[in-house]
Amino acid sequence: MNATPTLGFLLHDVARLLRKRFEQRAKCLGLTRSQWQTLAYLSNNEGIHQSGLAEILEIEPITLVRILDKLAERGLIERRQHPTDRRVWLLYMREEAHPLLAEMRELGDVTRGEALVGVSAEQREQLYQILSEMKTNLVQACRTPVEQDEMNDG
């Protein structure tokens with residue numbers, strides 16, 4: 001068996017270790033991983049409805065409701081009723097969340113810095129370009145159904 005990890009395993013391990021190291025640093029903020037991930041995604045998607053955010057986070061809507069309840073209890077987010085559909089709640093950051101988000105971003109910068117020690121600026125740029133291209137390719141591929149013959153060949 002080949003001792004060299006595949007690209008998928010290596011990307012997974014790097015992502016897992018980035019999250020682990022960030023969690024070690026963010027422990028002082030008093031947020032769970034799911035809470036800080038929710039805040040991070042919400043900060044870029046304010047006004048989104050709960051089911052849309054659940055889809056982005058790739059979690060079940062009922063799971064997100066529990067996370068949002070905790071964040072609302074801490075005064076970090078607020079739910080507002082949709083102007084035309086009373087069944088839909090729109091999500092917004094509260095002012096109290098912005099300093100916490102800034103701390104999270106700083107911790108993310110430090111964590112990424114640790115991960116990229118010894119990687120030149122040119123190599124970093126190449127890495128970002130390659131990963132961006134891979135993401136684009138996979139987003140496109142995921143929109144295309146897998147042919148049954150392809151599945152049998154794999």
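Keep in mind the model is a prediction, meaning the values are calculated, not measured. For the single chain, residues carry numbers from 1 onward in sequence order.
In this structure, Ile48 and Ile56 have side chains that are in contact, with non-hydrogen atoms separated by less than 4.5 Å.
Under the salt bridge (charged side-chain N to carboxylate O under 4.0 Å, His left out) criterion, the residue pairs touching residues 50-76 are Asp69-Arg79, with sequence neighbours excluded. Judged as a salt bridge (charged side-chain N to carboxylate O under 4.0 Å, His left out), the pairs with a partner in residues 106-117 (not counting sequence neighbours) are, in order, Arg21-Glu114, Arg25-Glu114, Asp109-Arg112. Applying the ring pair (Phe, Tyr, Trp, His ring centres under 6.0 Å) test to pairs two or more places apart or on separate chains, those with a residue in residues 10-57 are Phe22-Trp36. The list of salt bridge (charged side-chain N to carboxylate O under 4.0 Å, His left out) pairs with a residue in residues 119-134, not counting sequence neighbours, is empty. Within the structure, salt bridge (charged side-chain N to carboxylate O under 4.0 Å, His left out) contacts touching residues 26-49 (residues at least two apart or in different chains) are Glu23-Arg33.
Looking at residues two or more places apart in sequence or on another chain, you find a side chain to side chain contact (heavy atoms under 4.5 Å, CB included) between Arg16 and Asp13, Arg19.
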**OP:** Kindly determine whether Leu100 and Leu31 satisfy side chain to side chain contact (heavy atoms under 4.5 Å, CB included), including the steps that lead there.
**Re:** CA-CA 10 Å; Leu100 185 61; Leu31 294 173; 3.5 Å; yes
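Here the CZ atom belonging to Arg87 is positioned 11.0 Å from the OG atom belonging to Ser51, to the nearest 0.5 angstrom. Atom CG of Leu39 sits about 5.0 Å away from atom CG of Leu71, to the nearest 0.5 Å. Summarising the geometry, atom CG belonging to Leu107 is positioned 12.0 Å from atom CD belonging to Gln24; distances are rounded to the nearest 0.5 Å. Within the model, atoms NE2 of His82 and CD of Gln50 stand 12.5 Å from one another, a figure rounded to the nearest 0.5 Å.
Note on Leu127 and Leu17: separate hydrophobic clusters, where clusters join Ile, Leu, Val, Met, Phe, Trp and Tyr whose side-chain heavy atoms are under 4.5 Å apart, directly or indirectly. Linking ILVMFWY side-chain heavy atoms closer than 4.5 Å, directly or via other members, places Leu42 and Trp89 in two distinct hydrophobic clusters. A single hydrophobic cluster is seen to contain both Ile77 and Leu29, as judged by linkage of ILVMFWY side chains at heavy-atom distances under 4.5 Å, directly or through other members. Leu18 and Leu57 are assigned to two separate hydrophobic clusters, defined by single-linkage of ILVMFWY side chains at heavy-atom distances under 4.5 Å. In the hydrophobic cluster analysis, where Ile, Leu, Val, Met, Phe, Trp and Tyr join through side-chain heavy atoms closer than 4.5 angstrom, Leu7 is grouped together with Val119.
The two residues Met93 and His98 make their nearest non-hydrogen contact at CB-NE2, 4.1 Å. Scanning all heavy atoms of the two residues, the minimum distance from Ser34 to Ile67 falls at CB-CD1, 3.6 Å. The shortest heavy-atom contact between Phe9 and Pro5 is CB-CB, 4.4 Å. Scanning all heavy atoms of the two residues, the minimum distance from Leu64 to Ala54 falls at CD2-N, 3.5 Å. Heavy atoms only, all atoms of each residue included: Ser43 and Arg105 are closest at OG-NH2, 3.4 Å.
Counting only distance, with no hydrogens or angles, the side chain of Glu96 and the backbone of Leu76 share no donor-acceptor pair below 3.5 Å. Put simply, the side chain of Thr136 gets close to the backbone of Ser132: a donor and an acceptor are under 3.5 Å apart. Although no hydrogens or angles enter the test, the distance criterion places a donor-acceptor pair under 3.5 Å between the side chain of Gln35 and the main chain of Thr32. No side-chain donor-acceptor contact under 3.5 Å links Gln140 to the backbone of Asn137.
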